[in-house]
Amino acid sequence: MLDSPWFKAAGVAAAITLATATAAQAAPAPAAESTSAVVTLRYDDSRAGGWEAEIAAGVASWNANVDNVQLVEAAPGTRAEIQIVATSGWPQATLGPVRPGGQARVELGSQAVTEGHDKTRIAAHEIGHSLGLPDTKPGPCSQLMSGSSAGTSCRNAVPDAAEQSRVESAYAGGLAPRVPADGRILVDAP
């Protein structure tokens, strides 16, 4: 029975299939174009009256400097991952990285503005907390996350290369949903 033509043909076919599969596995894979998934996070600034231009500038700074996270304004009546509100105290925010479908709060406190701190820097800095960046105090003006420790003359609202890299890493491959948010509230008082 093992000498039948059918078994011989089946054996030859199996050998060809095995050889083809082995060759396919041994052949180098073609270079794949690297594409990283972009995580879209929505923000709601409808309760941040008086900060609209600064929030837009802070969001634009993050969108221009980080490739795998895109911040977009939430349409009215839709859920947003980042709630931005104006308050009378010191700025503060939930430490992320906030996940799609998650929740973070940013409070843009007027007390820092009264003391002379730049509103756009405050907005970009607090959004940075939501993206997972802690404070780096004390620090130079070139570090966005140095916050108020850089002094009132600092107007930098752009994350430096290390800050950009940390956010990129936190959201690498669109994996932010698997990275737990810290959840602590960071108050940016001097």
Side-chain angles (χ1 to χ4, degrees), residues 32-43 45 48 51 53-73 80-84 90-109 111-113 115-190:
E33 189 174 310
S34 134
T35 58
S36 61
V38 175
V39 175
T40 301
L41 298 173
R42 296 169 307 239
Y43 67 91
D45 64 354
W51 288 82
E54 292 81 6
I55 293 167
V59 164
S61 177
W62 281 108
N63 285 342
N65 289 287
V66 179
D67 295 326
N68 62 356
V69 178
Q70 181 72 32
L71 300 167
V72 297
E73 189 168 5
E81 286 85 7
I82 303 172
Q83 296 291 322
I84 305 174
W90 275 96
Q92 57 185 298
T94 308
L95 181 58
V98 65
R99 300 168 286 191
Q103 190 75 46
R105 182 176 170 93
V106 168
E107 295 184 13
L108 301 175
Q111 190 170 350
V113 177
E115 294 207 8
H117 294 282
D118 182 68
K119 287 176 81 172
T120 300
R121 179 173 168 84
I122 293 168
H125 174 93
E126 298 306 325
I127 291 168
H129 287 317
S130 295
L131 298 176
L133 297 177
D135 286 315
T136 55
K137 294 180 180 182
C141 182
S142 60
Q143 291 177 342
L144 176 60
M145 300 313 293
S146 67
S148 61
S149 72
T152 57
S153 63
C154 180
R155 303 282 183 254
N156 174 39
V158 177
D160 70 12
E163 293 163 336
Q164 293 170 31
S165 179
R166 283 190 70 180
V167 171
E168 292 275 356
S169 179
Y171 290 92
L175 298 178
R178 297 185 188 134
V179 177
D182 184 295
R184 286 178 290 156
I185 303 298
L186 301 179
V187 180
D188 288 305

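The model shown is predicted, which means the values in this text are computed figures rather than measured ones.
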Exercise. Is a donor on one side and an acceptor on the other found under 3.5 Å between the side chain of N68 and the backbone of E168?
Worked result: yes
Exercise. Are any non-hydrogen side-chain atoms of Y43 and I127 less than 4.5 angstrom apart?
Worked result: no
For this session: Look up atom CG in L71 and atom CH2 in W62, then write down how far apart they are to the nearest 0.5 Å.
Result: 9.0 Å
Exercise. Quick one: which of L144, V158, N65 gives a side chain to side chain contact (heavy atoms under 4.5 Å, CB included) with E163?
Worked result: L144
Exercise. With no hydrogens and no angle check, is any side-chain donor or acceptor of T136 less than 3.5 Å from a backbone partner on S146?
Worked result: yes
Seminar exercise, completed: Looking only at heavy atoms, the pair that brings C141 and A150 closest together is CA-CB, 3.6 Å
Problem set entry | Main-chain N/O of G147 paired to R121 side chain as donor or acceptor, under 3.5 Å | yes
For this session: Spell out, as yes or no, whether a donor-acceptor pair under 3.5 Å connects the side chain of W90 to the backbone of Q111.
Result: no
For this session: Can you see which heavy atom on S149 is nearest to which on P138, and at what distance?
Result: OG-CA, 3.4 Å
Problem set entry | Reported CZ-to-NZ distance for the pair R155 and K119, which is rounded to 0.5 angstrom | 12.0 Å
Exercise. Can you tell me how far the CD atom of E126 sits from the CD1 atom of I55, to the nearest 0.5 Å?
Worked result: 11.0 Å
Exercise. Do you know the tightest heavy-atom contact between G58 and A124?
Worked result: CA-CB, 3.9 Å
Problem set entry | Test salt bridge (charged side-chain N to carboxylate O under 4.0 Å, His left out) applied to E107 - qualifying residues, sequence neighbours left out | R105
For this session: Would you check if the side chain of Q83 reaches a backbone N or O of Q103 as a donor-acceptor pair within less than 3.5 Å?
Result: no
For this session: Mind checking the NE2-OG1 spacing from H129 to T94? Nearest 0.5 Å is all I need.
Result: 10.0 Å
Exercise. Pick from N156, D135, T120, D118: which one makes a side chain to side chain donor-acceptor pair (under 3.5 Å) with H125?
Worked result: D135
Exercise. Looking at side-chain heavy atoms only, is the closest gap between M145 and P159 below 4.5 Å?
Worked result: no
Problem set entry | Distance (rounded to the nearest 0.5 Å) between Q164 CD and D67 CG | 8.5 Å
Exercise. Is the closest side-chain heavy-atom distance between V106 and W51 below 4.5 Å?
Worked result: no
Problem set entry | Residue pair E54, I122: steps toward the side-chain contact (heavy atoms from CB on, under 4.5 Å) verdict | CA-CA 8 Å; E54 292 81 6; I122 293 168; over 6 Å; no
